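On a predicted model such as this, the values are computed, not experimentally measured, just so you know. Side-chain atoms are counted along with the backbone in the values below, which use heavy atoms only and exclude waters and symmetry mates. Lettering follows sequence order; numbering is per chain, from 1.
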4 protein chains.
Amino acid sequence: MTVPKKKGARNKSEILGATIELLESINYSSLTIEAVAARSSVGKTTIYRWWKHKSDLVFDAFIAKTETLFEFDLTKSTYENFVQQLLTLTSVLKSGIGRAVLTVVAEEKEIAAKFLNDYLTPRRVETKKILQAGVDKGEIQDNFDFGIILDMLYGPIYFKFILFNRIPDQAYIESLVTQVMKGIGLNNPLYLEE
Amino acid sequence: MTVPKKKGARNKSEILGATIELLESINYSSLTIEAVAARSSVGKTTIYRWWKHKSDLVFDAFIAKTETLFEFDLTKSTYENFVQQLLTLTSVLKSGIGRAVLTVVAEEKEIAAKFLNDYLTPRRVETKKILQAGVDKGEIQDNFDFGIILDMLYGPIYFKFILFNRIPDQAYIESLVTQVMKGIGLNNPLYLEE
Amino acid sequence: MTVPKKKGARNKSEILGATIELLESINYSSLTIEAVAARSSVGKTTIYRWWKHKSDLVFDAFIAKTETLFEFDLTKSTYENFVQQLLTLTSVLKSGIGRAVLTVVAEEKEIAAKFLNDYLTPRRVETKKILQAGVDKGEIQDNFDFGIILDMLYGPIYFKFILFNRIPDQAYIESLVTQVMKGIGLNNPLYLEE
Amino acid sequence: MTVPKKKGARNKSEILGATIELLESINYSSLTIEAVAARSSVGKTTIYRWWKHKSDLVFDAFIAKTETLFEFDLTKSTYENFVQQLLTLTSVLKSGIGRAVLTVVAEEKEIAAKFLNDYLTPRRVETKKILQAGVDKGEIQDNFDFGIILDMLYGPIYFKFILFNRIPDQAYIESLVTQVMKGIGLNNPLYLEE
DNA sequence: TCATAATCGAGACGGTACGTCCCGTCTTCCT
DNA sequence: AGGAAGACGGGACGTACCGTCTCGATTATGA
């Protein structure tokens, strides 16, 4: 049973929905507040009441769309978890709102900071647990910088997407994770010798 | 003796210069053609004669600024060459025009394609030579995907810059290159020493 | 003993008061219902309950302010009564609400009609009694159009006020009344000769 | 042969024309700059480039409409000239732009001052010549205040128009002029005949 | 050497969206 | 239950730039 929302909340989610929909067909800078207002049958004032800038609106729309994604399963192997995470990431990036939020983040440092704190860092904390679990299970070494490993995993995905305009496919992701794990895995010949 | 440029060429470089200067203090979307025209003492018409969109102008300004960078030295080690390359990259990103061009690339697929073809791919071809030289010198293995290795090197730099708003420092870069090379290195002295 | 007003009536006069006060410092078109509501500590709804338009509100405020003025004294001479009436008129016009109501009247025919019926005509009826008393006392002739004489007395006052932005002073008023009476007085040489 | 106007001037007169036309069917405060722009097929910017406020635009439109009116003929009698002048005035007031400009003048002191200096005073100077000619021809006395006489002639017209919403007809005007001249006339045939 | 054309700056132009103000209505919550 | 408080859809405001378009003034050449 859906709890009936108040007017305010209902409007808010309609506005975010309209934003997401519009961004499927146009890019961020072509998105106008007036179009969002029209599509969500709302006055411009209502939008400006809650979001000071277009970038805030887009950011919130992104959060609304992605808030339930990116869970992981500690019973699976480190490798499988990473592959799963990166696949989920590509599905997010694929959407119009995904590209839009990256555009904003690339341009506005304030939004970048918000994106980092509200979105990236919490997920990064969780993701480190995958690594830690891997260490605990004896799958991987423990003498490396977690941060750099994560950057080596996530960086290439964003890199391919933004600069190559290419959504990495499963094969790429598997190769990437494999390659990264070569550098930290216990089965790395380099270390097995030690 | 400086070769006297024709009016057209002189104007063109003044416009590109003005664009670069303006982007040091404002961001891409705040950059207006009118401001560029005013700062370079040129009519708007003159700018539109050569560049159809603001994004083209910014892209050309970026190319103008970076065309002489990114050479490398085959006599140095693979490791040193990569560190050098990534350091040069960070110095480019640091500038206003660097961030601006990334903003455009993140948003406009056409510019992203142009950036890829005119800028990234040529450099990538060159960079692969570093890897190949490393293989030839016996520093690294030869059974891996060059593309993924490059993504693991460059991806994290762009990733840190765009999403974390942080220019990686030398220490980070050295750790990164070291970590990547762990995945592809032979038991060469550099790594065996660890 | 002051009769305690009901809530409604108390609110009503506070709203009219706020309207009058605001119009001392701003002009009619800058007056907003929201400002009136704020100043009289009342919800906008309450104002709209009683007045359909801003113009109605201003009109009522004007009536409230002027309802006790403009009495005259039949024991004085015709001349003195007219001078007194015109002086009173100038004091009304001088106030912000005075100018405001004229603005409305100049623009909205409905308000002009209301102003005529509820305000001007009753006073005009009274004023004609001054003229009639003058005739009865033998001060002035009886063969003229009362309407035109009143227009010649009042018209110039409004005319000076609206078009010249000047409040006629006592000297002007005395000259005016004198000049008008020349045309109807028994002491008019033109008629004495008859 | 009509001299071809430049773009600027052509636009300007189209805008003034659109303003006049719109004011025939709506009142001043309902007139929007956007509607004027739309009707004259012009961008809002173009209107704002030349007129800072709506009131300035309306004032200029009024001037444009009336600049050729109000000439008089010294060979005719004082009486005839005045009747003619007042009839012309009523025809101006009758139009939408006439009422609109009075609305503005009633509300905005700056426009009132401009109206006075640019429009009323020049005409008043001319009109005084009618009076002076009357004195010279021996039709009227010379011992009165010209200003008050003019106020007694023009005031009632504006007064009737603004407050009674009534355009004085020829009969009214003739009565008015007759009555005013009674106060200043010599025993000339025109009046002795009565 | 000069007229004749090409080029360019300046900025007016029609237009779109901005972010704000206030309208008049509607909803919520407190007294 | 009534009213203040204020959210709401809406319309116009006045502004900033867009990309196009005249318009002279300035070059710059080739007759």
Inset, instruction - Select one nucleotide: of dC17(F), dG14(F), dA12(E), the one nearest the side-chain heavy atoms of Thr45(D). - result: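 So the side chain of Thr45(D) is nearest to dC17(F).
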Inset, instruction - When you get a sec, tell me which of dC13(E), dC13(F), dC18(F) is the closest nucleotide to the side chain of Tyr48(D)? - result: dC13(F)
Inset, instruction - Grab the two heavy atoms, one from Ile26(B) and one from Leu31(B), that are nearest each other, plus how far apart they are. - result: CD1-CA, 3.6 Å
Give the rounded distance in Å between these two atoms: [atom1] of [X] and [atom2] of [N].
X        : N       : atom1 : atom2 : value
Glu34(D) : dT16(E) : CD    : C1'   : 11 Å
Ile26(A) : dT16(E) : CD1   : C1'   : 14 Å
Ile33(B) : dA10(E) : CD1   : C1'   : 16 Å
Lys12(A) : dC8(F)  : NZ    : C1'   : 15 Å
Lys54(B) : dA16(F) : NZ    : P     : 16 Å
Tyr28(A) : dA17(E) : OH    : C1'   : 14 Å
Lys52(C) : dT25(E) : NZ    : C1'   : 10 Å
Leu31(D) : dG14(F) : CG    : P     : 11 Å

Do [X] and [Y] touch side chain to side chain, with heavy atoms closer than 4.5 Å?
X         : Y         : answer
Glu107(B) : Arg99(A)  : no
Trp51(B)  : Lys12(B)  : yes
Lys114(A) : Tyr119(A) : no
Thr32(D)  : Leu22(D)  : no

Inset, instruction - Report which part of the nucleic acid Arg49(B) touches: base, sugar-phosphate, or nothing (heavy-atom distance under 4.0 Å, all strands). - result: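 The answer is sugar-phosphate, as Arg49(B) gets under 4.0 Å only of primed atoms, P, OP1 or OP2.
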Legend entry - Inter-axis angle, terminal five-pair segments of the helix from dT1(E)-dA31(F) to dT31(E)-dA1(F) [nearest 10°]: 10°
Inset, instruction - Over 60° means perpendicular and under 30° means parallel, so classify the ring planes of Phe62(D) and Phe115(D), tilted if in between. - result: tilted
Legend entry - DNA chain E: 5'-proximal contact among Ala35(A) and Thr46(D) (nearest heavy atom):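 Per heavy-atom nearest nucleotide, the more 5' residue is Thr46(D).
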Inset, instruction - For Ser41(A) and for Thr32(B), locate the closest nucleotide of DNA chain F by heavy-atom distance; then report the residue assigned to the nucleotide nearer the 5' terminus. - result: Ser41(A)
Inset, instruction - Could you check Val105(D), Val58(D), Thr103(D) and say which one makes a side-chain contact (heavy atoms from CB on, under 4.5 Å) with Ile111(D)? - result: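 Exactly one candidate clears the test, Val105(D).
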Legend entry - Side-chain donor/acceptor of Lys44(C) to base of dG24(E), under 3.5 Å: yes
